[in-house]
There are 2 protein chains.
Amino acid sequence: MNDLDLGAFIKDHRKKADLTQLQLADLAGIGKTTVFDIEKNKETVRFNNLLAVLQVLNIKIEFKSPLTK
Amino acid sequence: MNDLDLGAFIKDHRKKADLTQLQLADLAGIGKTTVFDIEKNKETVRFNNLLAVLQVLNIKIEFKSPLTK
DNA sequence: CTAAAATTACTGCCCTAACAGTAATATTTA
DNA sequence: TAAATATTACTGTTAGGGCAGTAATTTTAG
């Protein structure tokens, strides 16, 4: 599917936002362990936690199919 | 963020693929209850389970930020 | 180099997502 | 219409994600 390294992508954006993992976790309202897991590409994280992180970093998520392309 | 109704979006694609929830669940390797939850927009589902469903339906996920736009 | 900060890693507990089974509705088909 | 199928809903059990706390390692700042 998307072989993008989402963890690295998020980490990069966090750095550019000048946030530590703990700060990002607090802003997203989740635990620091979860932020760490997400940046480590742990896919078993809950979708809402991932969304919370993306929202803080102003990253939008899009879904595309051959139908909607 | 994306105020798309992801559940309805997935359901629509499942219908177009002519799959029942149970068939989709089996193809994705997850339980039928989880498919039901996803179509009901339960955001606390695990990201990997959502990805499995998207993959079966040939839906790609993209992440966009003002930086990568 | 040294000190401070951040990241990575591990632990144990709690909570709940995931699941199969079942049943009640809803929808589709004959 | 009735029968078959699919969806929605609920339940009890189980596996593991989430979390704070802690500590070790790495990175950054002075």
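Basis for what follows: all heavy atoms, side chains included, without hydrogens, waters or symmetry-related copies. All figures in this text were calculated on a predicted structure; none of them were measured in a lab. Here is the naming used below: chain letters follow the sequence lines, and residue numbers restart at 1 for every chain.
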Next item on the list: Output every pair passing salt bridge (charged side-chain N to carboxylate O under 4.0 Å, His left out) with a member in residues 28-38 of chain A, not counting sequence neighbours, ordered by first then second residue.
Entry: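 Checked against salt bridge (charged side-chain N to carboxylate O under 4.0 Å, His left out) - neighbours excluded - the pairs reaching residues 28-38 of chain A are Asp37(A)-Lys42(A).
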Margin query: Under the salt bridge (charged side-chain N to carboxylate O under 4.0 Å, His left out) definition, can you give me all pairs with a residue in residues 44-56 of chain A, not counting sequence neighbours?
Written below: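 The answer is none; no pair qualifies.
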Notebook entry, point to check: How would you list, by chain and number, every residue that makes a side-chain contact (heavy atoms from CB on, under 4.5 Å) with Ala28(B), sequence neighbours excluded?
Noted result: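 Once residues adjacent in sequence are excluded, the partners of Ala28(B) under the side-chain contact (heavy atoms from CB on, under 4.5 Å) criterion are Ile30(B), Ala52(B), Val53(B), Val56(B).
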Note to self: My understanding is that only residues two or more places apart in sequence, or in another chain, count here; which of them pass side-chain contact (heavy atoms from CB on, under 4.5 Å) with Phe47(A)?
What the structure shows: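 For Phe47(A) the side-chain contact (heavy atoms from CB on, under 4.5 Å) partners, ignoring immediate neighbours, are Leu51(A), Ile61(A), Phe63(A), Leu6(B), Val45(B), Phe47(B), Leu50(B).
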Check: So which of residues 6-20 of chain B are in contact with DNA chain D, with a heavy-atom cut-off of under 4.0 Å?
Finding: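 The stretch gives Lys11(B), Arg14(B), Lys15(B), Thr20(B) as the residues lying under 4.0 Å from the strand, ordered by number.
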Extract from the structure each pairing of a protein N or O with an N or O of nucleotides 14-16 of chain C at less than 3.5 Å, listing the distance.
none

Next item on the list: Select base, sugar-phosphate, or nothing to describe what Thr33(A) touches, counting heavy atoms under 4.0 Å on all strands.
Entry: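 Here Thr33(A) touches the bases of the nucleic acid.
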Next item on the list: Would you mind classifying the nucleic acid contact of Asn49(A) as base, sugar-phosphate or nothing, using non-hydrogen atoms under 4.0 angstrom?
Entry: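 The answer is sugar-phosphate, as Asn49(A) gets under 4.0 Å only of primed atoms, P, OP1 or OP2.
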Given atom [atom1] of [X] and atom [atom2] of [N], what is their separation to the nearest angstrom?
X: Phe36(B); N: dT11(D); atom1: CZ; atom2: C1'; answer: 14 Å
X: Phe47(A); N: dG17(D); atom1: CZ; atom2: C1'; answer: 17 Å
X: Gln21(A); N: dA6(C); atom1: CD; atom2: C1'; answer: 8 Å
X: Asp37(B); N: dC10(D); atom1: CG; atom2: C1'; answer: 12 Å
X: Leu22(A); N: dT27(D); atom1: CG; atom2: C1'; answer: 17 Å

Give every donor-acceptor pair under 3.5 Å between a side-chain atom in residues 8-20 of chain B and any protein atom, sequence neighbours left out.
unit_1   : atom_1 : unit_2   : atom_2 : d
Asp12(B) : OD2    : Lys16(B) : NZ     : 3.0
His13(B) : ND1    : Phe9(B)  : O      : 2.9
His13(B) : NE2    : Ser65(A) : OG     : 2.7
Arg14(B) : NE     : Glu39(B) : OE2    : 2.6
Arg14(B) : NH1    : Leu19(B) : O      : 2.9
Arg14(B) : NH2    : Glu39(B) : OE1    : 3.2
Arg14(B) : NH2    : Glu39(B) : OE2    : 3.4
Thr20(B) : OG1    : Leu22(B) : N      : 3.4
Thr20(B) : OG1    : Gln23(B) : N      : 3.1

Check: Can you tell me how far CG of Leu57(A) sits from CG of Leu24(A), rounded to the nearest 0.5 angstrom?
Finding: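 Those atoms lie 5.0 Å apart.
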Checklist line | Any residue meeting side-chain hydrogen bond (donor to acceptor under 3.5 Å, both in side chains) with Asp26(A), in chain and number order, not counting sequence neighbours | finding: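 Checked Asp26(A) against side-chain hydrogen bond (donor to acceptor under 3.5 Å, both in side chains); zero matches.
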Margin query: Once side-chain hydrogen bond (donor to acceptor under 3.5 Å, both in side chains) is applied, do any residues pair with Asn41(A), and if so which ones, sequence neighbours excluded?
Written below: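 Only Asp5(A) meet the side-chain hydrogen bond (donor to acceptor under 3.5 Å, both in side chains) criterion with Asn41(A).
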Notebook entry, point to check: Is the distance from OP1 or OP2 of dG17(D) to the nearest side-chain N or O of Thr34(A) less than 4.0 Å?
Noted result: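 Checking Thr34(A) against dG17(D): no side-chain N or O falls below 4.0 Å of OP1 or OP2.
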Checklist line | Nucleotide nearest Lys40(A) (side chain, heavy atoms from C-beta), chosen from dA20(D), dA9(C), dA9(D) | finding: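 For Lys40(A), the side-chain atoms sit closest to dA9(C).
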Note to self: Quick check on the helix from dC1(C)-dG30(D) to dA30(C)-dT1(D): what's the angle between its two end axes, five base pairs per end, to the nearest 10°?
What the structure shows: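 What I find for the helix from dC1(C)-dG30(D) to dA30(C)-dT1(D) is an axis angle of 70°.
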Check: For DNA chain C, what residues of residues 23-31 of chain B have any heavy atom nearer than 4.0 Å?
Finding: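 Correct list: Ile30(B), Gly31(B).
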Check: Tell me, for nucleotides 22-30 of chain C in 5' to 3' order, what letter each nucleotide earns: B for a base near a protein heavy atom under 4.0 Å, S for only sugar-phosphate near one, - for neither?
Finding: B--------
